[in-house]
Amino acid sequence: ERENGMKKIISLLLSAVLMLGAVSPVLAKDSTAEALRLKWYNNLTGGDYAEGDAEIQAKVDNAAKNAQTRWDSMVKNPTEVIWEDAPLDYELTGEGMNLTFERLRTMTIAYSYKTSPLYHNQDLKKDILKALRFLNDEVYYDRVNYVRVGAVNWYYWEIGVPKNLVDILVLLYDEMDAGLRDGYISAVRHFMSDDPGLGPFGSGTSTGSNLTWKCMAYAILGIVADEASMIQRAADRVTPVFEYADTGGLADGFYTDGSYIQHYTLAYTGGYGTSTLSDGLQMIWLLDGTPYALDETYKQILLDWSINAFLPILYDGNLMDMVKGREVTRYNARDKVKASGVLGSLFRIADIAEGAERELLLGAVKRNVLTSEDRRKSFINGLPVSDIQRAKAMLDDPAVKKTENAEAAKVFGGMDRVVYNGDGFAYGISMYSSRISAYEAITDDNPKGWFTGFGMTYLYNGNLDHYSNSYWPTADPAAHAGTTVSDVRRPDGFKGGGWCSTQSWAGGAVLDGKYAAAGMMLEDFKNQQDEQTMAAKKSWFMFGGKIVALGTGITSPHSGRRIKTTVDNRILSGSPAVVMDGEPAGLSGEDKAVRRYIHVSDGAAQTGYYFPAGGAVTARLNTRSGSWKALSNKPYNPDTRYTNTFYTITADHGTAPVSGGYAYIVMPGASAEDMEAYSQNETIQIMENSGFASGVNCAE
């Protein structure tokens, strides 16, 4: 009997062991890391998305088309490269390596969409895994002596590749052998020095968007590795991103006035700032409801960034170029492309908003997206598949009211930028100082951006694609609107690593939220003899749909330099109609004198320019050609050649001017009749424009 009892106990113990063994896989799948991996997998693939939606399927089909192109052109049995145009030599920058992983991610996404023509194509998977094995054996592995060698760019090794790689690891988690997966986990930890808070090459600290990118990739890597300490480390290290730079003693990041700085002295809301916004949101969303969840107050900070930093620089589906740093010369970062990504982030951030803030965000998204069919298509296509149907419902919902444009002004003192919105237009001013650099030209980007901080002005109006399509490849880099420059040619990339002046005075003020004044002490680059080559004082006054621009103290000691101020330099679209001083006029390649005003209408928009003090002002047509590829030799820049005709209005200050000046009024949307009427009854009076002060009075 005792023996039978013992047999029963042993039998029960065996049953219990078997039961525990049977349920342990289920418990593993319920773990936090497993749940987070599934959450990110569904984010990448759309999860259980609607299969009958035509726009979703178009996005999926396009992804498959791009993947097929990459698959067809890849080296199937690699010994040196995966793609011939993407070299993997370690001492090169790493751009080819980054591009290789980016393309493999594209292929893996197409493999994973459930309605993709390439869904679970085993031959495709085999070639992806073969490429990944080669790369982990020969290029990206944890035994690379990772130091600053040759032209190597740390970004690709510590951010670019990890961002693409962790998505691949999530998507192929169940179809990749553990050895390869562990090899890549070790590789990323190696190149990040196992701490996403560290700066380049494992030294210093990472800041701004670089920190957000690193922490996001490291968190997903921790999820793939099922290592709680890695996920927690990413959550801990990302917290400085949500501190305001000007109150937290930081240089990079968002400022309380809505400015965004990256690389210490560069205005970058539309570049790095967009990634900080989107990845900050993704990090909060991904970890929400887990032991690693970020502080709830960060959600309100996201709302503040959205309203205070981004809404003012969005205009009818464009994100202003003056806050994009060197990215202005990247085809894939054009203002309308950047806008669609930001609008997607704002749409998702609206989910955590309530009341007036939610209405404001959704209304702004709707207004910008529905500006044109092109903008709507770009917005929808840029969303994750899982968000598309929800976004379309919002756009079609009559209860969601579009935010209407209203006269408003915003001074971003932290980055020397000003925005003024009027009736049917927006106007931006880009300045530089002892705090903010004139421009940035690194990594073969923006080599001719020398003068984009010299008071360059941006006019956004009915010509929605003025800056998007081909302005930068074809515009004269020494004739951007608003700038006062000399005619001395700069070499490409001249002082483009972040050059500031010695003058701290640049900025402005806003009255009643809709009127603004701005100004800067312009100081040109010094020559090799350390001599100041040109200086000026520039001011702008914005109210009532008009922008008054004043310049004074324009001085240059060099007789071999001719100084000019470009009033405007715009692409003509369609057939232009020009009126000068009350008479129809034709413009040609020759300078034509303007006495009091010029009005230009080209079908897309009309603008008037008034010169209250007259002066040596001329207008002419310029035909210029160029390509994005010639501007910046990036893989994503096309070599398509564009030709544009510009009308250029110039105020000539001659050679070696002493205390020269200018005065003009820009009237966006004004008709020729409006300009003639204004010439008969000037309502704006220049009170003073001297070395001491500049000021205007409006009698309207």
Exercise. With under 30° as parallel and over 60° as perpendicular, where do the rings of H466 and Y471 fit, or are they tilted in between?
Worked result: tilted
For this session: Keeping to residues at least two apart or across chains, list the salt bridge (Lys or Arg N to Asp or Glu O under 4.0 Å) pairs with something in residues 58-71.
Result: none
Exercise. Without hydrogens or angle criteria, can the side chains of T443 and D445 be said to hold a donor-acceptor pair below 3.5 Å?
Worked result: yes
Exercise. Residues two or more places apart in sequence or in another chain: which of them pass salt bridge (charged side-chain N to carboxylate O under 4.0 Å, His left out) with D465?
Worked result: K336, R375
Exercise. What residues, two or more places apart in sequence or in another chain, satisfy ring-ring contact (aromatic ring centres under 6.0 Å, His included) together with F201?
Worked result: Y146
Problem set entry | Pairs involving residues 131-143, ordered by first then second residue, that meet side chain to side chain donor-acceptor pair (under 3.5 Å) (sequence neighbours left out) | R133-D177
Exercise. Do D351 and R390 meet the salt-bridge criterion of a basic N to acidic O distance under 4.0 Å?
Worked result: yes
For this session: If a pair satisfies ring-ring contact (aromatic ring centres under 6.0 Å, His included) and one of its residues is in residues 32-52, list it, with sequence neighbours excluded.
Result: none
Exercise. CG/N332 to CZ/R334 distance, rounded to the nearest 0.5 angstrom?
Worked result: 8.5 Å
Exercise. Got a salt bridge between R37 and E34, using NZ or NE/NH1/NH2 to carboxylate O under 4.0 Å?
Worked result: yes
Exercise. Ignoring hydrogens and geometry, is there a side-chain-to-backbone donor-acceptor pair from D639 to S627 under 3.5 Å?
Worked result: no
Seminar exercise, completed: Hits for salt bridge (charged side-chain N to carboxylate O under 4.0 Å, His left out) against D48, two or more places apart or cross-chain, chain-then-number order -> K114
Seminar exercise, completed: Residue set satisfying side chain to side chain contact (heavy atoms under 4.5 Å, CB included) with S229, at least two apart, ordered chain then number -> E227, R233
For this session: Measure centre to centre between the rings of F242 and W305, then say whether the value is under 6.0 Å.
Result: yes
Seminar exercise, completed: Sorted by chain and number, sequence neighbours left out, salt bridge (charged side-chain N to carboxylate O under 4.0 Å, His left out) with D316 holds for R367
Exercise. Does R624 use its side chain to pair, donor to acceptor, with the backbone of T474 at less than 3.5 Å?
Worked result: yes
Problem set entry | Results of ring-ring contact (aromatic ring centres under 6.0 Å, His included) for F134 - residues two or more places apart only | none
Seminar exercise, completed: With sequence neighbours left out, the residues meeting ring-ring contact (aromatic ring centres under 6.0 Å, His included) with Y272 are W213, H263, Y268
Exercise. Backbone N or O of T329 within a donor-acceptor pair of the N637 side chain at under 3.5 Å?
Worked result: yes
For this session: Please list, chain by chain and in numerical order, all residues satisfying ring-ring contact (aromatic ring centres under 6.0 Å, His included) with Y113, sequence neighbours excluded.
Result: none
For this session: For K214 and S206, indicate whether the former's side chain and the latter's backbone hold a donor-acceptor pair under 3.5 Å.
Result: no
For this session: Would you please name every residue forming a side chain to side chain contact (heavy atoms under 4.5 Å, CB included) with P200, sequence neighbours left out?
Result: W154
Exercise. Is there a donor-acceptor pair closer than 3.5 Å between any side-chain N or O of T100 and the backbone N or O of G96?
Worked result: yes
Seminar exercise, completed: Residues F101 and I168: closest non-hydrogen pair is O-CD1, 3.9 Å
